[in-house]
Amino acid sequence: MKKYIIMASVAALAIGLSSCSNFLDELPDNRTELNENNVGKILLSAYPTTAICEMGEMSSDNTDAYPNRFSSFNRLQEDLYKWADSAEQDQDSPHALWESCYMAISACNEVLKVIEDAGNPASLSAEKGEALVCRAYAHFLLANIFCNAYSSQASSDLGIPYMKTIETTVSPDYQRGTLEEVYQNIEKDLLEGLDLVTDIYAVPKYHFTKKAAQAFAARFYLYYVKSDKSNYTKVIDYATKVLGSNPATSVRDWKSLGALDINGSVQPNAYVDATNGANLLLVSAGSYWGYVHAPYGLGERYAHGPKVGNETCNSVGPWGSDYYMGVWSNSSALPTKIVVMKITQYKEVVDAVAGTINGHMINAAFTTDETLLCRAEAYAMKEMYPQAIADLNIWREAYTRSTTPLTTESINDFYGSMEYYTPTESTVKKKLNPDFTITNETQENVIHCILHARRLTTLHEGLRWQDIKRYGITIYRRLMNDNGTITVTDKLEPNDPRRAIQIPSDVISAGLKPNPRTCLLYTSPSPRDYAASR
């Protein structure tokens, strides 16, 4: 823990150095001094450089296992799939997320300290707002990965250290506090920052603009469930500010995107185009996810394959199954990967002779499409079904070729008549066990519909994992055998402590309390019970 936060302060000082010549010409103190004239440059490092995509997708029900003649991309991929505590430190690891988030938080705290020392001038209010929202966002990412979903138990659930100041001691004593305290601090930073952020940036989509911060607020309050459901009103209010009076014009043009060449990086580059109004915040991250999830002969042991694809990009909904986005599959005898082309791999050559690279990706952290579905879910939880279904119809028109409007009746008929998922008889309807109350069958069916749409829209981006945690959905680990049978090897129930990914091992060694690991591993039943030919 000491390493990450103390070193983060040092790293933040290095941002904005111009060139090797200037480096040699100027005095060290001049080059590293922070002041009100360069806080904007420091804010470039206020965004975490690790994405949650691989952690979320490999941990979720979007992934199955394939025979051991296929290989995993690395040990990290296997650990994540098996919900194992991982000591790996790769770019997409929990360790990397922890480090990059606290590095980003440190940069935010440096900026806020400079602004405070300058007397909080109005000329720096935008920078203060961005620093506060970024600090809230980095802690939000940490809480989503390393803590339980927010619930009525949040006052006793473990949180993560909420860093508000620059560390100046050699051996600081950090405490995790509670998840409730973390969410209270996130809310305070977010609301204060929201009043200050602006849209004046050279490339706005790589910063928290007003709309990006409002989209963050909509998702935050959707996760921040209060017993009186008051926060659902805030979800609706913030999402409406993002979407405007005609949301159909603000969501992505999936038809045009799907018409592009499915090969290579054409569709992914268009998906993260900074000029696309549907993209609210884009974040550059160090990652090999573009290799791991894509239809290459890499990481095929644990993948989003044809069977789970019948629950996602090849699924049937009350809108049918004709989607604008096509799928791309790897060509092995037993296909292990079914992919929607939204994420590509960017490469930074480290050593051309040795052939070593660093991987990168662009993550669409907030989009109008997901914000629309946040609002639909809030409407459904407030039993405002006409409004929820109106939002679902905007999504349906944008994402599918269906011309038949969704109605309360069609949604009830579709999900109400469907059997609940089992690992060998899979459907898109999974039993919901949230901490909050689902009041009636219509509400449950509309939520199933929204979760279905969210799973499609955010595929490969890691957010499905949060929906699983929020709704207490039991998920299974399934081995897809060569003979077409399925063997269940593990399951993750709503109260399983492995839903909170373990904090890094060296942080634990430094004295921070680990997440509990008291569950018994699932023992697979006999093949007679759980293997089925499809």
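Residue numbers run from 1 in the order of the sequence given. These numbers come from a predicted model, not from an experiment.
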Margin query: For a 4.5 angstrom cut-off between non-hydrogen side-chain atoms, does Y66 reach E300?
Written below: no
Check: Counting heavy atoms not belonging to K113, are there more than 12 under 6.0 Å from its NZ?
Finding: no
Note to self: Let me confirm one number: the CZ-CG distance from R470 to L222, rounded to the nearest 0.5 Å.
What the structure shows: 4.5 Å
Margin query: Looking at every non-hydrogen atom in both residues, tell me the closest pair between K241 and Q214 and how far apart they are.
Written below: CB-OE1, 3.6 Å
Note to self: Looking at R464 and E57, is there a salt bridge between them, counting it only when a charged N and a carboxylate O are closer than 4.0 Å?
What the structure shows: no
Check: Is there a donor-acceptor pair under 3.5 Å between the side chain of E444 and the backbone N or O of I438?
Finding: no
Item checked: Distance, nearest 0.5 Å, that separates CD1 of I468 from CD1 of I473 -> 6.0 Å
Note to self: Less than 3.5 Å apart, any donor N or O on the side chain of Q89 or S93 sitting next to an acceptor on the other?
What the structure shows: no
Next item on the list: Under the side-chain contact (heavy atoms from CB on, under 4.5 Å) rule, what do L112 and L132 come out as? Steps first, then yes or no, please.
Entry: CA-CA 8 Å; L112 292 169; L132 286 165; 4.0 Å; yes
Check: Distance-only, no hydrogens or angles: does the R477 side chain make a donor-acceptor pair with backbone N or O of Y81 under 3.5 Å?
Finding: yes
Margin query: Donor-acceptor check, side chain of S156 to backbone of Q153, threshold 3.5 angstrom: yes or no?
Written below: yes
Check: How are the rings of F436 and Y471 set to each other: parallel, tilted or perpendicular (split at 30° and 60°)?
Finding: perpendicular
Note to self: Run the salt bridge (charged side-chain N to carboxylate O under 4.0 Å, His left out) test on K82 and D490 for me, step by step, so that the C-alpha distance in whole Å, both residues' side-chain angles and the decisive distance to 0.1 Å come before the verdict.
What the structure shows: CA-CA 8 Å; K82 292 182 176 180; D490 200 354; over 6 Å; no
Checklist line | Straight-line distance of M384 CE to Y379 OH, nearest 0.5 Å | finding: 5.5 Å
Item checked: Donor-acceptor pair between K164 and N185 side chains, under 3.5 angstrom -> yes
Margin query: Can you tell me which residue among E311, R455, H304 is in a side-chain hydrogen bond (donor to acceptor under 3.5 Å, both in side chains) with N62?
Written below: R455
Margin query: I'd like to know whether the aromatic ring centres of Y206 and Y47 sit less than 6.0 Å apart in this structure.
Written below: no
Next item on the list: With sequence neighbours excluded, give me every ring pair (Phe, Tyr, Trp, His ring centres under 6.0 Å) pair touching residues 182-202.
Entry: Y150-Y183, Y183-F220, Y183-Y224, Y201-H207
Item checked: Residue pair Y221 / E187, side-chain donor-acceptor N/O under 3.5 Å -> yes
Check: Taking atom types as modelled and ignoring hydrogens, do the side chains of W83 and S59 form a donor-acceptor contact shorter than 3.5 angstrom?
Finding: no
Next item on the list: Would you check if the side chain of R252 reaches a backbone N or O of D369 as a donor-acceptor pair within less than 3.5 Å?
Entry: no
Next item on the list: Ignoring hydrogens and angles, state whether a donor on the side chain of R176 or N515 is under 3.5 Å from an acceptor on the partner side chain.
Entry: yes
Notebook entry, point to check: Between E127 and K41, does at least one N-O distance fall below 4.0 Å, as a salt bridge requires?
Noted result: no
Item checked: Short side-chain to backbone donor-acceptor contact, K342 and L459, under 3.5 Å -> yes
Notebook entry, point to check: If only atom types and distance count, is the side chain of T63 paired as donor or acceptor with the main-chain N or O of Y302 below 3.5 Å?
Noted result: no
Check: So, do Q502 and P514 sit near enough that their side-chain heavy atoms are less than 4.5 Å apart?
Finding: yes
Check: Which value, rounded to the nearest 0.5 Å, describes the distance between L80 atom CG and M58 atom CE?
Finding: 8.0 Å
Next item on the list: Work out which heavy atom in H293 is nearest to a heavy atom in I343; give both atom names and the distance.
Entry: CE1-O, 3.4 Å
Next item on the list: May I ask you to say whether E192 pairs ionically with K128, meaning some side-chain N is under 4.0 Å from a carboxylate O?
Entry: yes
Check: Are S426 and R478 close enough that some pair of their side-chain heavy atoms sits under 4.5 Å apart?
Finding: yes
Next item on the list: Using modelled atom types only, decide if a donor and an acceptor are shared between the side chain of H139 and the backbone of V182 within a distance under 3.5 Å.
Entry: no
Check: For E99 and H95, does a side-chain donor sit closer than 3.5 Å to a side-chain acceptor?
Finding: no
Next item on the list: Answer yes or no: is there a donor N or O on one side and an acceptor on the other, between the side chain of N109 and the main chain of M163, under 3.5 Å?
Entry: yes
Note to self: When you compare the side chain of S151 with that of D157, does any pair of heavy atoms fall below 4.5 Å?
What the structure shows: yes
Checklist line | Aromatic contact, Y174 with Y162 (centres under 6.0 Å) | finding: no
Next item on the list: Before giving the answer on salt bridge (charged side-chain N to carboxylate O under 4.0 Å, His left out), spell out for R375 and D237 the whole-Å C-alpha distance, their side-chain angles and the decisive distance to 0.1 Å.
Entry: CA-CA 9 Å; R375 187 172 75 173; D237 290 344; over 6 Å; no
Check: Can a salt bridge be assigned to the pair R498 and D496 using a cut-off of 4.0 Å between side-chain N and carboxylate O?
Finding: yes
Note to self: Salt bridge check, E78 against R301: does any charged N sit closer than 4.0 Å to a carboxylate O?
What the structure shows: no
Margin query: Before you tell me yes or no, could you show the steps for K347 and H360 under side-chain contact (heavy atoms from CB on, under 4.5 Å), namely the whole-Å CA-CA distance, both residues' side-chain angles and the distance that decides it to 0.1 Å?
Written below: CA-CA 6 Å; K347 297 179 288 186; H360 296 273; over 6 Å; no
Check: How far apart are the C-alpha atoms of E370 and R219, what are their side-chain angles, what is the distance that settles it, and do they pass the salt bridge (charged side-chain N to carboxylate O under 4.0 Å, His left out) test?
Finding: CA-CA 9 Å; E370 193 264 342; R219 189 188 297 171; 3.2 Å; yes
Margin query: Tell me which pairs pass salt bridge (Lys or Arg N to Asp or Glu O under 4.0 Å) where either residue lies in residues 133-148, with sequence neighbours left out.
Written below: R135-D189
Next item on the list: Evaluate the criterion side-chain contact (heavy atoms from CB on, under 4.5 Å) for residue pair E54 and V292; output intermediate values, then yes/no.
Entry: CA-CA 8 Å; E54 183 171 346; V292 175; 4.0 Å; yes
Notebook entry, point to check: More than 12 heavy atoms of other residues, nucleotides or ligands under 6.0 Å from NZ of K431: is that the case?
Noted result: no
Item checked: Any donor-acceptor N/O pair, Q345 side chain to G290 backbone, under 3.5 Å -> yes
Notebook entry, point to check: Between Y476 and K491, is there a cation-pi geometry (under 6.0 Å to ring centre, at most 45° from the normal)?
Noted result: no
Margin query: Testing the basics here: between I450 and A380, what is the closest heavy-atom pair and its distance to 0.1 Å?
Written below: CD1-CB, 3.9 Å
Next item on the list: Could you tell me whether the side chains of N279 and T367 share a donor-acceptor contact shorter than 3.5 Å?
Entry: no
Item checked: Smallest separation among heavy atoms of A218 and T371, with atom names -> CB-CG2, 4.4 Å
Note to self: Between I145 and L97, is there a side-chain heavy-atom distance shorter than 4.5 Å?
What the structure shows: yes
Next item on the list: First locate atom CZ of F366, then atom CG of L280, and finally report the distance between them rounded to the nearest 0.5 Å.
Entry: 9.0 Å
Note to self: Taking A96's backbone N and O only, do any of them form a donor-acceptor pair with S100's side chain (distance below 3.5 Å, no angle check)?
What the structure shows: yes
Note to self: Looking at every non-hydrogen atom in both residues, tell me the closest pair between A285 and A51 and how far apart they are.
What the structure shows: CB-N, 3.8 Å
Next item on the list: Quick one: pull up CD1 in I503 and NZ in K513 and give me the separation to the nearest 0.5 Å.
Entry: 10.5 Å
Item checked: T474 side chain near L492 side chain, heavy-atom distance below 4.5 Å -> no
Margin query: Is any side-chain heavy atom of W465 closer than 4.5 Å to one of I501?
Written below: yes
Checklist line | Minimum heavy-atom distance between A364 and L282, given as atom pair plus value | finding: CA-CD2, 3.8 Å
Next item on the list: Give a yes/no verdict on a cation-pi contact between K382 and Y232, requiring under 6.0 Å between NZ or CZ and the six-membered ring centre and an angle within 45° of the axis.
Entry: no
